[in-house]
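One structure below.
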Protein chains: 2
Amino acid sequence: MQQHDDIGFIIKLINECIEKKANQTLKQFDLTLSQARILFYLHDHNEATTSQKDLEDFFEVTHPTIIGILNRLEGKCFIRSETNSKDKRVKNIFLTDKGINLFCSMEHFRKTIEQKMIQDLTNDQIRELHTSLKTVYKNIQEI
Amino acid sequence: MQQHDDIGFIIKLINECIEKKANQTLKQFDLTLSQARILFYLHDHNEATTSQKDLEDFFEVTHPTIIGILNRLEGKCFIRSETNSKDKRVKNIFLTDKGINLFCSMEHFRKTIEQKMIQDLTNDQIRELHTSLKTVYKNIQEI
DNA sequence: TATATAATTGTAGCATGCTACATATTTAGT
DNA sequence: ACTAAATATGTAGCATGCTACAATTATATA
């Protein structure tokens, strides 16, 4: 069994390829893929207030990782943050108008990339792929 | 469509989960997953000489990335390198005895993780998963 | 042969992930 | 009410990925 046939290795190659292509596309917006994913989350959850902890839980990364990404987004004025008045430990994160405007332009690219990834697959194959990936994810989490 | 259902997002979650689990396991050997993959490659190709360029091509990463990993491996004496006498631009990479010994201990963990990932899947499902992932990889490369 | 191009490796600096440690605030227990 | 534990965020330093620029050697071409 060569490494190139390991599921884990193929998944790494796919992930890094997605990142490279997405980052090339997002460069025109002065964004990276990780940063764009945060903006998508904030847009999808704009009815609720979002804390750093919410983002850590959703993206399953540690808090220093989230802080770094948020600092860069705030530096570029795509988001703003303010301390929660009811619990001063918490910082709430909001999209700025600049961030909201960007979302509309990016939504198109997001759908395009996701669709190109699964072209040549039948609907059944896509369903199967989803199911198997979720099984793999569950398995790896249990180790 | 929520982000959690995007194939690209699930693949990112799987990849980072694999890295975390593998790095925990490999800590006892003073290795990371990326470093271990290099050692596996060198062991699998021990009949041929390996240059930095060969590793860049196989792992599909840029040369600064490979140089960083190799420097850390050489600092820990798992590999050694020497300039190719026939082409002085080229540096050839070799496993040391320390690196060879480690390989045997790690091979067990590699197979265990890869098997746990695909448990609960039938052979047909595993074949389908492989095929679909390779299609996705091809698609994303063409963007 | 001399020079231009290509190929291989090296360095600097950045983004995103991590662990470990620190700080501030809230909650729980006595 | 006071202290201990839990929770949320912040900082420092590292590994792995990247781009951009540089240096060396080999190859190709005028």
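Residue numbers start from 1 in every chain, and the chains themselves are labelled A, B, ... in the order their sequence lines are given, proteins ahead of strands. Both backbone and side-chain heavy atoms feed into the values below; hydrogens, waters and symmetry mates do not. From a predicted model like this one, the values you see are computed outputs, not experimental measurements.
- Within the 4.0 angstrom heavy-atom criterion, only backbone atoms of the sugar-phosphate kind lie near B:S34; the bases stay farther away.
- Atom CD1 in A:I18 sits roughly 16 Å away from atom P in D:dG17 (whole-Å rounding).
- In this structure, CG of B:N23 is placed 12 Å from C1' of D:dC14, rounded to the nearest angstrom.
- Phosphate contact (OP1/OP2 of C:dT16, side-chain N/O of A:Q35, threshold under 4.0 Å): present.
- The side chain of B:K12 places an N or O atom within less than 4.0 Å of a non-bridging phosphate oxygen (OP1 or OP2) of C:dG17.
- Looking at heavy-atom distances under 4.0 Å, A:T65 makes contact with a base.
- One donor-acceptor pair, N or O on each side, does fall under 3.5 Å between the base of D:dT7 and the side chain of A:R89.
- Between B:K12 and B:E16 there is a salt bridge, with a side-chain nitrogen of the basic residue lying less than 4.0 Å from a carboxylate oxygen of the acidic one.
- Close to D:dG10, at under 4.0 Å from its OP1 or OP2, lies a side-chain N or O of A:Q52.
- Atom CG of A:N92 is separated from atom C1' of D:dA8 by 12 Å (rounded to the nearest Å).
- Taking atom CD1 of A:I93 as the reference point, atom P of D:dA8 lies 14 Å away to the nearest angstrom.
- Rounded to an integer number of Å, the gap from CG of A:L73 to C1' of C:dC14 is 15 Å.
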Working note: A:R110 + A:E107, criterion salt bridge (charged side-chain N to carboxylate O under 4.0 Å, His left out); need CA distance, chi angles, decisive distance, verdict. CA-CA 5 Å; A:R110 172 195 184 181; A:E107 180 68 2; 3.4 Å; yes
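- Here B:H63 does not lie in a stacked arrangement on the base of C:dT8, lacking the combination of planes under 30° and ring centres under 5.5 Å apart.
- For B:R80 and B:E82, the salt-bridge test passes: some basic side-chain N is under 4.0 Å from an acidic carboxylate O.
- In this structure, NZ of B:K21 is placed 14 Å from C1' of C:dC18, rounded to the nearest angstrom.
- Using a 4.0 Å heavy-atom cutoff across all strands shown, B:I66 reaches no nucleic acid atom at all.
- Taking atom CG of A:L13 as the reference point, atom P of D:dT16 lies 16 Å away to the nearest angstrom.
- Among the nucleotides D:dT25, D:dT9, C:dG17, the one closest to the side chain of B:K88 is D:dT25.
- Look at B:K86 and you won't find any side-chain N or O under 4.0 angstrom from OP1 or OP2 of D:dT25.
- Within 4.0 Å of B:E19, counting heavy atoms only, lies no atom of the nucleic acid at all.
- Of the two residues near DNA chain D, A:N71 and B:R72, the one whose nearest nucleotide lies more 5' is A:N71.
- At C:dA15, none of the side-chain N or O atoms of A:T32 fall inside 4.0 Å of OP1 or OP2 (strictly under the cut-off).
- Atom CZ of A:F59 is separated from atom C1' of C:dA15 by 16 Å (rounded to the nearest Å).
- The residue among A:T62 and B:P64 whose nearest nucleotide of DNA chain C lies closer to the 5′ end is B:P64.
- The side chain of A:K91 contributes an N or O atom lying less than 4.0 Å from OP1 or OP2 of D:dG10.
- Put simply, B:K20 has a side-chain N or O that comes within less than 4.0 Å of OP1 or OP2 on C:dC18.
- Side chain of A:T83 to backbone of A:K88: no donor-acceptor contact under 3.5 angstrom is found.
- Residue B:F78 holds its CZ atom at 12.5 Å from CD1 of B:I100, rounded to the nearest 0.5 Å.
- A:K134 contributes atom NZ, which lies 9.5 Å from atom CG of B:L13 (distance to the nearest 0.5 angstrom).
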